[in-house]
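Data first, discussion second: the structure below is written as structure tokens.
The chains referred to below are lettered A, B, ... by the order of the sequence lines, with proteins before strands, and numbering in each begins at 1.
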Amino acid sequence: MTSFQKEFTLKAYSRGFHLITKEIMQEVKQELSSIDIGVFHVFIQHTSASLTINENADPSVRVDFESHFNDSVPEHAPYYTHTIEGSDDMPAHLKASTLGSSLSIPISHGELNLGTWQGIYLCEHRDNGGRRTIVVTALGTLSKH
Amino acid sequence: MTSFQKEFTLKAYSRGFHLITKEIMQEVKQELSSIDIGVFHVFIQHTSASLTINENADPSVRVDFESHFNDSVPEHAPYYTHTIEGSDDMPAHLKASTLGSSLSIPISHGELNLGTWQGIYLCEHRDNGGRRTIVVTALGTLSKH
Amino acid sequence: MTSFQKEFTLKAYSRGFHLITKEIMQEVKQELSSIDIGVFHVFIQHTSASLTINENADPSVRVDFESHFNDSVPEHAPYYTHTIEGSDDMPAHLKASTLGSSLSIPISHGELNLGTWQGIYLCEHRDNGGRRTIVVTALGTLSKH
């Protein structure tokens with residue numbers, strides 16, 4: 001069995017949903033290649049941004065994600081009591097927990113075993129979230145070559 | 001430490017929430033039995049179907065899941081821009097990310113350590129989603145017998 | 001590689017969102033300290049309570065979580081068919097699947113590698129949920145000291 005872990009900071013993204021599969025693969029491609037079978041864990045160290053897996057092709061899907069989550073988790077809900085950090089703050093916390101702070105993806109023969117249409121999204125819920133820190137960890141068995 | 005991984009395709013399910021604990025256990029029962037302590041990871045390779053854990057007894061719970069998610073993620077929302085694949089497509093993507101594409105379950109003494117009332121649901125969000133591919137991975141330490 | 005697993009029961013919490021990072025760390029602090037790199041898995045063996053990671057500082061965030069999820073997953077929805085266990089039961093199942101039954105957190109140099117503001121929440125969705133059982137599992141590589 002083997003493991004590796006890496007911590008890195010993404011560039012600052014605007015509020016919305018962003019495909020970051022390539023950014024993550026650049027950080028781990030070489031280390032992943034030595035693992036035959038395992039699990040790849042991606043964790044975001046924040047409470048107002050999140051991670052999800054969804055369609056990697058048509059950008060209109062990501063646009064509709066932003067519209068849907070703004071609609072179902074509104075700013076200025078009458079019952080919010082945590083309002084001192086701005087109107088985008090409390091909805092950001094709620095969206096982050098609805099979508100989740102980590103992803104786990106199977107590793108098969110040195111690669112992430114995602115489906116054809118699956119990509120990793122950074123879900124930036126704040127207006128000015130800044131740069132977000134990601135911790136990736138892989139656990140698995142080594143390839144025999 | 002040991003690992004195993006298996007990829008398989010479920011039969012096609014109708015739109016709705018379906019208990020698939022037995023289908024998954026059939027695929028992995030033997031391999032699981034050799035692991036003393038570990039984590040079992042279930043991953044669905046799609047972006048319009050998802051996985052969750054919920055009540056394994058009364059089928060009315062699964063009926064109400066379908067009603068609730070249709071109500072909170074409607075078809076024909078006025079702000080959808082991704083509409084070319086049918087009215088059930090964009091809601092399916094949103095439901096899939098809300099529920100998630102993977103599950104992680106503790107392995108204890110060769111078995112999944114689920115609570116008494118917990119079962120694994122396939123959440124089929126499309127009208128005609130077809131057969132869905134699952135990748136299961138187990139990581140853990142071997143039993144000593 | 002190494003592993004450990006522990007099962008324990010929390011005290012009964014009232015309906016709402018509760019920070020339980022300290023309760024969990026008390027159970028695992030010593031065992032965690034021997035792992036250099038790994039993943040820590042927290043699993044709740046119930047279908048009407050859940051786990052999430054969110055802000056660990058201002059208690060008003062947890063108050064607003066309870067308000068939001070009561071608003072978006074109402075009691076007495078006209079389409080519920082699973083009603084025999086009380087009006088808080090079906091919403092509890094739906095909230096549990098929306099938030100999820102497990103968390104995975106990176107382990108780095110013997111500690112949980114959470115962000116500064118991240119804490120572990122028990123999300124108790126029932127009026128009288130009673131004591132909840134948690135299974136924690138750590139998988140990783142040993143420290144060399």
Answer yes or no: is there a donor N or O on one side and an acceptor on the other, between the side chain of A:Asn54 and the main chain of B:Ala96, under 3.5 Å? no
Out of A:Val63, A:Asp71, A:Asp64, which one pairs with B:Tyr79 under the side-chain contact (heavy atoms from CB on, under 4.5 Å) rule? A:Asp71
What are the two closest heavy atoms between B:Gln5 and A:Ile107, and how far apart are they? NE2-O, 3.1 Å
Hey, are the side chains of A:Leu114 and B:Phe43 touching, using non-hydrogen atoms and a 4.5 Å cut-off? yes
B:His82 versus A:Arg62: any side-chain heavy-atom pair under 4.5 Å? no
With distance as the sole criterion, is a donor-acceptor pair present between the side chains of A:Ser104 and B:Ser102 under 3.5 Å? no
NZ of B:Lys29: more than 12 outside heavy atoms within 6.0 angstrom? no
By a 4.5 Å heavy-atom criterion (distance strictly below it), what part of B:Tyr80 contacts chain A: side chain, backbone, both, or neither? both
Shortest non-hydrogen separation from B:Met90 to A:Val61 and the atoms involved: CE-O, 3.5 Å
For the residue pair A:Asn113 and B:Glu7, establish whether any side-chain heavy-atom pair is separated by less than 4.5 Å. yes
Nearest heavy-atom contact between B:His41 and A:Pro106 is CE1-CD, 3.8 Å
Is there side-chain contact between B:Phe4 and A:Thr141, with heavy atoms separated by less than 4.5 Å? no
